[in-house]
Amino acid sequence: MDDLVNALPKIEKNLQGSGIVLVLEGGRLLLKNTHSTKIAADLRVQRLYRPSSEDIEQAAAADSVLVITAPTQKATKTAARYNYITLPDGGYRIIAPGVAISWEQEVPPRAERRSVKLRGLTGVVAETLLLERKKVWSVRALADASAVSVALAHRVLTRLDGEGITSSLKGDRKLVNARALAELWSQEESKPQVLLKGFVYGGSNEAVAKKLLGVEPNVAIGGVVAANSYHPVLTRVTAPVRLWTPSDPDTEALHRAGFESTESGANVEFVRSKGNPWRVKMTEAEGLQRVSPWRAWVEIASSGGRTQELADEFIEKLLKEDEGG
């Protein structure tokens with residue numbers, strides 16, 4: 001517990017004059033009052049490494065303090081509702097009878113950490129793992145399935161191994177924390193490059209999408225429309241219809257189909273990954289060619305309003321399906 005031991009004096013500096021000291025004893029954190037023998041709080045220490053928001057929810061308890069290392073941004077926000085300390089030098093919150101201390105601190109990325117980020121091609125590796133989360137992968141098989149180099153797949157797995165998201169089985173790998181991987185990917189994936197915006201008349205977003213798929217057959221629907229097609233929650237999906245494309249759209253063919261280029265009032269946008277024109281995995285159902293369900297979730301994971309309701313329900317559905325529920 002060296003990191004935790006080192007963190008306690010820093011917390012105590014913010015408690016000067018309160019008469020409270022922090023003591024670790026047998027896996028418990030005691031808040032003692034120096035002016036009496038009374039223990040202000042006795043909390044069970046629960047350590048979590050690279051937890052997802054769900055891990056936080058499951059571990060949290062009124063009689064405990066979560067000691068968290070390398071949380072995702074979403075997990076950090078979830079932890080703020082409970083007693084927690086982030087390591088090595090992040091924020092903390094400890095609420096107990098007669099005690100209320102907290103400190104929110106945004107910690108900049110450590111310079112020595114140069115691990116690969118999950119975006120673009122490396123995001124596709126994460127997508128492959130999520131789409132077949134029960135499979136045991138060799139590095140080469142994962143690289144082939146993701147259409148990336150073996151070296152790049154190895155770099156991604158090295159990071160995920162170190163963060164407890166994948167486990168090693170005689171040199172092969174298996175995903176062991178799908179939620180944490182999905183949250184990490186959504187946190188690090190860059191926004192796609194918008195190539196073209198415009199307006200197409202249609203009775204619904206699905207009708208607009210089908211009209212454009214007839215003109216650009218190699219595109220895939222993404223964003224809210226794709227997510228809602230996998231898990232219908234919203235009775236009305238907010239525009240625009242996002243279409244992932246492997247190349248610049250054929251504007252002449254689009255105009256013949258009723259597409260009008262515009263920035264204001266657009267209900268369609270064509271996108272692709274920056275520096276990675278086409279690595280999108282696709283599925284098809286009821287005439288709609290879509291991005292994979294996990295990519296659709298990543299695209300809406302940070303949304304607000306009713307779209308967040310869709311995102312929250314969608315990931316639960318994905319995880320339940322993967323578990324055979």
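Along the sequence shown, the residues carry numbers beginning at 1.
- For the residue pair Tyr230 / Thr283, a side-chain donor-acceptor distance below 3.5 Å is found, with atom types taken as modelled.
- Between the side chain of Thr245 and the backbone N or O of Val219, no donor-acceptor pair lies under 3.5 Å.
- Hydrophobic clustering (side-chain heavy atoms under 4.5 Å, transitive across Ile, Leu, Val, Met, Phe, Trp, Tyr) keeps Phe199 apart from Leu254.
- Contact check on Lys32 versus Glu25 returns a salt bridge, with a Lys/Arg side-chain nitrogen under 4.0 Å from an Asp/Glu carboxylate oxygen.
- The CG atom of Asn177 lies 10.5 Å from the CG atom of Leu160; values are rounded to the nearest 0.5 Å.
- Side-chain contact check for Pro249 versus Glu216: some heavy-atom pair is nearer than 4.5 Å.
- Within the 3.5 Å criterion, the main-chain N or O of Val148 finds no donor-acceptor partner in the side chain of Ser146.
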As a quick check of understanding, evaluate side chain to side chain contact (heavy atoms under 4.5 Å, CB included) for Thr262 and Glu260, giving each step before the final call. CA-CA 6 Å; Thr262 180; Glu260 298 178 13; 5.5 Å; no
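- Connection of Val136 to Leu142 is not established within any shared hydrophobic cluster, with ILVMFWY side chains joined at heavy-atom distances below 4.5 Å, either directly or through further cluster members.
- Annotation: the span from Thr76 atom OG1 to Ile68 atom CD1 amounts to 7.0 Å, rounded to 0.5 Å.
- With hydrophobic clusters built from ILVMFWY side chains whose heavy atoms lie under 4.5 angstrom apart, Tyr201 does not share a cluster with Leu243.
- Note on ring orientation: taking the six-membered ring where Trp is involved, the planes of Phe314 and His231 are parallel (angle under 30°, cut-offs 30° and 60°).
- Residues Ile221 and Trp244 are not in side-chain contact: their nearest non-hydrogen atoms beyond the backbone lie 4.5 Å or more apart.
- Counting only distance, with no hydrogens or angles, the side chain of Asn228 and the backbone of Leu234 share a donor-acceptor pair below 3.5 Å.
- With sequence neighbours left out, the salt bridge (charged side-chain N to carboxylate O under 4.0 Å, His left out) criterion links Glu316 to Arg179.
- Within 6.0 Å of the CZ atom in Arg140, the count of heavy atoms belonging to other residues, nucleotides or ligands does not exceed 12.
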Side chain to side chain contact (heavy atoms under 4.5 Å, CB included) assessment of Ile95 paired with Tyr82: CA-CA 8 Å; Ile95 307 294; Tyr82 306 103; over 6 Å; no
Just do the side chain to side chain contact (heavy atoms under 4.5 Å, CB included) check on Phe270 and Arg242 with the steps written out, would you? CA-CA 6 Å; Phe270 287 87; Arg242 173 173 288 180; over 6 Å; no
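- Leu175 places none of its side-chain heavy atoms less than 4.5 Å from the side chain of Ser167.
- Formation of a donor-acceptor pair under 3.5 Å by the Arg119 side chain with backbone atoms of Glu188 is found in this model.
- Asn83 places no side-chain N or O within donor-acceptor distance of the main-chain N or O of Leu66, the cut-off being under 3.5 Å.
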Mind running side chain to side chain contact (heavy atoms under 4.5 Å, CB included) on Asn218 and Gln289 for me, showing each step along the way? CA-CA 9 Å; Asn218 293 322; Gln289 189 161 264; 5.6 Å; no
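- To the nearest 0.5 Å, atoms OH (Tyr92) and CG (Leu87) are separated by 13.0 Å.
- With contacts defined as side-chain heavy-atom distances shorter than 4.5 Å, the pair Thr69/Leu48 does not qualify.
- Taking all atoms of both residues into account, the shortest heavy-atom contact from Leu288 to Lys210 is CD2-CG, 3.7 Å.
- Checked by atom type and distance alone, the side chain of Asn205 pairs as donor or acceptor with a backbone atom of Val237 at under 3.5 Å.
- Remark: the backbone N or O of Gly171 is paired with a side-chain donor or acceptor of Arg173 at under 3.5 angstrom.
- In this pair, Trp297 and Trp294 present their aromatic rings perpendicular. The plane angle is above 60°, beyond the 30 to 60° band.
- Residues Arg290 and Ser229 form a side-chain contact, since some pair of their non-hydrogen atoms from C-beta on lies under 4.5 Å apart.
- Checked against side-chain hydrogen bond (donor to acceptor under 3.5 Å, both in side chains), Asp250 has no partners two or more places apart in sequence or in another chain.
- At distances below 3.5 Å, at least one donor-acceptor pair connects side-chain atoms of Arg159 with backbone N or O atoms of Val116.
- Not counting sequence neighbours, Asp248 has no partner by the side-chain hydrogen bond (donor to acceptor under 3.5 Å, both in side chains) test.
- Although no hydrogens or angles enter the test, the distance criterion places no donor-acceptor pair under 3.5 Å between the side chain of Gln46 and the main chain of Ala60.
- When side chains are defined from C-beta on, Leu212 counts as touching Val208, because their heavy atoms get closer than 4.5 Å.
- In this model, a donor atom of one side chain and an acceptor atom of the other lie less than 3.5 Å apart for Glu127 and Ser292.
- Side-chain contact between Trp185 and Arg295: present, with at least one pair of heavy atoms (C-beta onward) separated by less than 4.5 Å.
- Side-chain atoms of Ser53 and Glu183 form a donor-acceptor pair, as typed in the model, at a separation below 3.5 Å.
- For the atom pair CG (Leu30) and CG (Leu43), the distance works out to 8.5 Å, reported to the nearest 0.5 Å.
- Residues Ile11 and Leu24 are members of one and the same hydrophobic cluster, defined by side-chain heavy-atom contacts under 4.5 angstrom among Ile, Leu, Val, Met, Phe, Trp and Tyr.
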Could you please spell out the steps behind the salt bridge (Lys or Arg N to Asp or Glu O under 4.0 Å) verdict for Glu57 and Arg81? CA-CA 10 Å; Glu57 294 281 8; Arg81 302 198 297 267; 2.2 Å; yes
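- Hydrophobic clustering, with ILVMFWY side chains joined whenever heavy atoms are under 4.5 angstrom apart, keeps Val176 apart from Ile56.
- Side-chain contact of Asp161 with Thr166: a donor-acceptor pair under 3.5 Å is present, judged by distance alone.
- No donor-acceptor pair closer than 3.5 Å links the side chain of Thr307 to the backbone N or O of Ser303.
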